[in-house]
Amino acid sequence: MIPATMALQQQRTNGSDLGTPIDRNLALEVVRVTEGAAMSAAPFMGRNQKEAADKAAVDSMRRSLGFVDMDGVVVIGEGEKDEAPMLYIGERVGNGNPPDVDVAVDPIDGTRLVARGLPGGIATVALAERGSMFHTHVPYMQKLIVGPEAAHVIDITDSVAHNLKRIAKALDRSVEDVTVVVLDRPRHDDLLEEIRSAGARVKLIMDGDVAAGLMAAMEHRTGIDVLMGIGGAPEAVLAACAIKCIGGGFHGRLWMLREQDRGILEGEGKKEGQVLELDDLVAGDNVFFAATGITDGELLRGVRFLSDERVHTQSIVMRSFSGTTRYIDAEHRLEKLRLRRATGEIEPRL
């Protein structure tokens, strides 16, 4: 077992009791972190420079997190320390003051989307009480995500057709009027056939696991009713944080892509085929989520460069304790940000 994982598990053993509300809406503080990451990545839109876009977003996010009043440990990040110089699993972030929190980050959810100038790229951060977030080295998870109206009718162990029938009934519509978002991957060929045979509509996406989960949970805003299929396990935790704030439904099962994944799962003390629900992925009710659009999508508008000195961003901010969702349209004056940098504050890397 690697040291970072051992440290995270020890934190869970010694963590605080869950359920006592944190008296600040931390999402309102970390939204400037996602705004900075989005503005830093946006200049690379459509330039086919995935690594450069990701580095810009990571650098900005790491700097900005250092100003947040919290003692954070990265649980979902850019990888292990030997793979990622910043925002690696187990890294401490924040200024060291209370509260103690788990941190999940995805500086660019949909790096390829940003590099190709396609819709749906976002920057995301989620926080929850220390010891409350799920962690695994198994890279993939099968997911079934819906909004609040259908949260209690899903069952990932049941057939696609039966799930869609129950979801449609919960939404008071026919299956033919239900839209399912699925990652466009060869592994989903059979799933797509089942969805289409059941009569539902399909929206295929190239990338953007976290955004797709939010789209399904916020169907009144996006027109997407369900997410089905296999995607990233780290992205599942980020999506679960947002879905817990919304009150949607999530079922997941770790998916064994390689034979070695079974050994990893056994070493972590987890069971293959176990159904994971929201409380398994992020426990308690002190969960915070923020995301900012990088490229235009169903969920959020992307970064707009209004002039050399003005930039517009659109973000979403959520808190589970109050169930509040806020949309924030912000105009950033770059000359002011540069001035703040000169006095020790942060500046988006533009």
Any non-hydrogen side-chain atom of Leu192 less than 4.5 Å from a side-chain atom of Leu204? yes

Going from CZ on Arg326 to CG on Asn25, what distance comes out if it is rounded to the nearest 0.5 angstrom? 5.5 Å

Please tell me if the side chains of Leu28 and Ile328 come closer than 4.5 Å, counting only heavy atoms from C-beta onward. yes

Can you tell me how far the OG1 atom of Thr124 sits from the CZ atom of Phe289, to the nearest 0.5 Å? 5.0 Å

Intermediate values then yes/no, side chain to side chain contact (heavy atoms under 4.5 Å, CB included), Met141 and Trp255: CA-CA 5 Å; Met141 185 181 292; Trp255 187 66; 5.8 Å; no

Working for side-chain hydrogen bond (donor to acceptor under 3.5 Å, both in side chains), residues Glu149 and His220: CA-CA 11 Å; Glu149 293 87 349; His220 292 301; 2.7 Å; yes

Treating Asp296 as the side-chain partner and Gly302 as the backbone partner, does any N or O pair qualify as donor plus acceptor under 3.5 Å? yes

Within a reach of under 6.0 Å around CG of Asn97, are more than 12 heavy atoms found that belong to other residues, nucleotides or ligands? yes

Do the charged groups of Asp279 and Lys244 touch, with an N to O distance under 4.0 Å? yes

Given 3.5 Å as the limit, does a donor-acceptor pair link the side chain of Asn95 with the main chain of Met70, or not? yes

Does Leu171 belong to the same Ile/Leu/Val/Met/Phe/Trp/Tyr cluster as Ile195, with side-chain heavy atoms less than 4.5 Å apart forming each link? yes

Assess whether a salt bridge exists between Glu29 and Arg24, defined as any Lys/Arg side-chain N lying under 4.0 Å from an Asp/Glu carboxylate O. yes

Looking at side-chain heavy atoms only, is the closest gap between Arg221 and Tyr327 below 4.5 Å? yes

Could you check if a side-chain atom of Glu298 sits within less than 4.5 angstrom of a side-chain atom of Met218, using non-hydrogen atoms only? no

Under 3.5 Å, is there a donor-acceptor pair between the side chain of Thr295 and the main chain of Gly120? yes

Backbone N/O of Ala290 and side chain of Thr34: donor-acceptor pair under 3.5 Å: no

Derivation and outcome, side chain to side chain contact (heavy atoms under 4.5 Å, CB included), residues Arg116 and Lys50: CA-CA 9 Å; Arg116 296 190 179 186; Lys50 286 176 57 178; over 6 Å; no

Non-hydrogen atoms of Ala53 and Ala41 that approach each other most closely: O-CB, 4.0 Å

Quick check for you: to the nearest 0.5 Å, what is the distance between Arg319 atom CZ and Asp285 atom CG? 9.5 Å

Is atom CG of Asp190 surrounded by more than 12 heavy atoms (other residues, nucleotides or ligands) closer than 6.0 Å? no

Is the side chain of Thr222 donor-acceptor paired with the backbone N or O of Met215 at a distance under 3.5 Å, no angle test? yes

For Leu87 and Val93, which heavy atoms make the closest approach, and how far apart are they? CD2-CG1, 4.3 Å

Do you reckon Val181 sits in the same ILVMFWY cluster as Val178, going by side-chain contacts under 4.5 Å, direct or chained? no

Common cluster, Met318/Val31, ILVMFWY with side-chain heavy-atom separation under 4.5 Å: no

Asp209 side chain vs Gly232 backbone, donor-acceptor pair below 3.5 Å: yes

Does the side chain of Phe288 come within less than 4.5 Å of Ile22's, by heavy atoms? yes

CG (Leu65) and CZ (Arg92) are apart, to the nearest 0.5 Å, by 13.5 Å

Any chance you could lay out the side chain to side chain contact (heavy atoms under 4.5 Å, CB included) test for Ile294 and Met45, step after step, and finish with the verdict? CA-CA 8 Å; Ile294 304 173; Met45 173 181 164; 5.9 Å; no

Is there side-chain contact between Leu300 and Ile316, with heavy atoms separated by less than 4.5 Å? yes

Test Glu235 against Lys143 for salt bridge (charged side-chain N to carboxylate O under 4.0 Å, His left out), laying out the working first. CA-CA 11 Å; Glu235 289 83 356; Lys143 309 170 194 178; 5.3 Å; no

State whether Arg262 and Glu259 are salt-bridged, where the test is any N-O pair (Lys NZ or Arg NE/NH1/NH2 against Asp/Glu carboxylate O) under 4.0 Å. yes

Between Asp225 and Arg201, is there a salt bridge with N-O shorter than 4.0 Å? no

Hey, is Lys55 close enough to Asp59 for a salt bridge, meaning N to O under 4.0 Å? yes

Side-chain ion pair, Glu91 and Arg62, N-O less than 4.0 Å: yes

Taking it one step at a time, do Ser40 and Met61 satisfy side chain to side chain contact (heavy atoms under 4.5 Å, CB included)? CA-CA 9 Å; Ser40 297; Met61 186 168 281; over 6 Å; no

Between Ser320 (side chain only) and Val287 (backbone N and O only), is there a donor and an acceptor less than 3.5 Å apart? yes

Side-chain (Glu129) to main-chain (Asn286) donor-acceptor, under 3.5 angstrom: no

Applying a strict under-4.5 Å side-chain criterion to I, L, V, M, F, W and Y, I'd like to know whether Phe250 and Ile224 cluster together. yes

Of all heavy-atom pairs linking Ile122 and Ala211, the shortest is CD1-CB, 3.8 Å

What distance do Leu306 atom CG and His332 atom NE2 have between them, rounded to the nearest 0.5 Å? 10.0 Å

Kindly give the heavy-atom pair with the smallest separation between Ile246 and Pro148, and that separation in Å. O-CG, 3.8 Å

Distance under 6.0 Å and angle within 45° of the ring axis: does Lys270 meet both against Phe134? yes

If the threshold is 4.0 Å, N to carboxylate O, is there a salt bridge linking Asp207 and Arg112? yes

With a 3.5 Å distance limit and no angle check, can you tell me whether His251 reaches the backbone of Ile156 through a side-chain donor-acceptor pair? yes

Check this for me, if you would: do Glu219 and Arg173 make a salt bridge, where the nitrogen-to-carboxylate-oxygen distance has to be below 4.0 angstrom? yes

Between Thr292 and Glu35, does a side-chain hydrogen bond (donor to acceptor under 3.5 Å, both in side chains) hold up when you go through it step by step? CA-CA 6 Å; Thr292 301; Glu35 287 173 343; 5.4 Å; no

Any side-chain heavy-atom pair of Val160 and His162 under 4.5 Å: no

How far apart are the closest heavy atoms of Val175 and Ala198, and which atoms are they? CG1-O, 3.3 Å

Carboxylate-amine/guanidinium proximity below 4.0 Å for Arg253 and Glu272: no

Closest contact, heavy atoms only, Gly249 versus Ile154: C-CD1, 3.8 Å

Could you go through His137 and Glu80, starting from their C-alpha distance and side-chain angles, then the distance that decides it, and tell me whether this counts as side-chain hydrogen bond (donor to acceptor under 3.5 Å, both in side chains)? CA-CA 10 Å; His137 287 90; Glu80 305 298 339; 2.4 Å; yes

Taking the side chain as everything from C-beta on, heavy atoms only, tell me whether Arg187 gets closer than 4.5 Å to Leu183. yes

If you count the non-hydrogen atoms of other residues, nucleotides and ligands that lie under 6.0 Å from CD in Glu266, is the total more than 12? no

May I ask you to decide if Asp155's main-chain N or O and Asp158's side chain share a donor-acceptor pair within less than 3.5 Å? no

Could you give the distance from CD (Glu176) to OG (Ser174), rounded to the nearest 0.5 Å? 4.5 Å

